[in-house]
Amino acid sequence: MNALRSVTWLLRKSMEGILILSLAALGLSILTQIILRAVFSRTFLALDDIIPYSFSLSTFAGAALLFGEGGHIAITIFSDFMPAGIRRAVRVFSGGVTAAFLLFLLYYGYEFMLDGGYQYSPLLNFRLCYIYAIVPLCALSGLLFLAAGRGDKTTAEEP
């Protein structure tokens, strides 16, 4: 269990780094484009490539971090009124459905990433598999957070 805790800590720190860098790139790119267009009536087209990639990276990294902290939306109005045994069964079922979705996302995200090896960024000319790698990484992070008991915030709340 200690190894799982170390891996989830490393994933969390990696996702935080990805999130910080992608948000900084997104903000600076947009600000630079605004200044270039408003003041100089010019644009730097390579920044138009950076903006959607930074947005995608920040979205998936942020979702993984939020899931790892149990900060996602959980509607517990029905399970709050259930007897303890049924509530536990619903939570196990919910965790199973979440794990199934994350496995689906991991598999197809990996396929998506591999397909990105044949696609290139129009202006920056790098393989898009590097951007698409965030999808299976996010899914793997979610699975590990779930295994560590962090992803499903309803499992930690036992009366």
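For the residue pair Ser29 and Ile50, the shortest heavy atom distance occurs at OG-CG2, 3.4 Å. For Leu19 against Gly62, the heavy-atom pair with the smallest separation is CD1-N, 4.1 Å. Closest approach of Met113 to Cys129, counting heavy atoms only: O-CB, 3.1 Å. Heavy-atom minimum distance, Leu144 versus Val7: CD1-CG1, 3.7 Å. Ala46 and Leu123 get closest at one heavy-atom pair: N-CD1, 3.9 Å. Smallest separation of non-hydrogen atoms from Ile51 and Ile30: CD1-CG1, 3.9 Å.
Between Leu128 and Tyr120 there is no side-chain heavy-atom pair separated by less than 4.5 Å. Looking at heavy atoms from C-beta onward, Phe67 lies in side-chain contact with Thr98 at the 4.5 angstrom threshold. Put simply, the side chain of Thr32 does not reach to within 4.5 Å of the side chain of Phe44, judged on heavy atoms. For the pair Leu137/Ile18, a side-chain contact is recorded, criterion being any heavy-atom separation below 4.5 Å from C-beta on. Annotation: side chain of Val90 is in contact with side chain of Ile86 (closest heavy-atom distance under 4.5 Å). Using a 4.5 Å heavy-atom threshold, the side chains of Phe101 and Leu105 count as touching.
Within the model, atoms CD of Gln33 and CG of Asp48 stand 5.0 Å from one another, a figure rounded to the nearest 0.5 Å. Here the OG atom belonging to Ser22 is positioned 8.0 Å from the CD1 atom belonging to Ile134, to the nearest 0.5 angstrom. Rounded to the nearest 0.5 angstrom, Ser14 OG and Leu65 CG are separated by 10.0 Å. Distance check, rounded to the nearest 0.5 Å: CE of Met15 to CZ of Phe145 gives 7.0 Å. Separating the OG1 atom in Thr8 from the NZ atom in Lys13 is a distance of 11.5 Å, to the nearest 0.5 Å. Rounding to the nearest 0.5 angstrom, the gap separating the CG atom in Asn125 from the CG atom in Asp49 is 10.0 Å.
Under a cut-off of 6.0 angstrom, the local environment of CZ in Phe126 is crowded, with over 12 non-hydrogen atoms contributed by other residues, nucleotides or ligands.
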Between Thr43 and Leu36, does a side chain to side chain contact (heavy atoms under 4.5 Å, CB included) hold up when you go through it step by step?
CA-CA 6 Å; Thr43 187; Leu36 286 174; 5.6 Å; no

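A donor-acceptor pair is defined here as one N or O able to donate and one able to accept, closer than 3.5 Å; such a pair exists between the side chain of Ser58 and the backbone of Phe55. Judged by distance alone, with hydrogens and angles left aside, the side-chain atoms of Arg87 form a donor-acceptor pair with the main-chain N or O of Met82 at under 3.5 Å.
Ion pair Asp80/Arg91 not flagged as a salt bridge, since none of the NZ, NE, NH1 or NH2 atoms sits closer than 4.0 Å to an Asp/Glu carboxylate oxygen.
A single hydrophobic cluster is seen to contain both Tyr53 and Tyr130, as judged by linkage of ILVMFWY side chains at heavy-atom distances under 4.5 Å, directly or through other members. Hydrophobic clustering (side-chain heavy atoms under 4.5 Å, transitive across Ile, Leu, Val, Met, Phe, Trp, Tyr) keeps Leu21 apart from Leu11. No chain of hydrophobic side-chain contacts below 4.5 Å, direct or via other Ile, Leu, Val, Met, Phe, Trp or Tyr residues, connects Leu102 to Phe93. No continuous path of hydrophobic side-chain contacts links Leu28 to Leu23 [ILVMFWY only; heavy atoms under 4.5 Å]. In the hydrophobic clustering of ILVMFWY residues, with side-chain heavy atoms under 4.5 Å counting as a link, Tyr110 and Phe104 come out apart.
Here the options are Phe60, Tyr107, Tyr132, the test is ring-ring contact (aromatic ring centres under 6.0 Å, His included), and the partner is Phe112; only Tyr132 passes.
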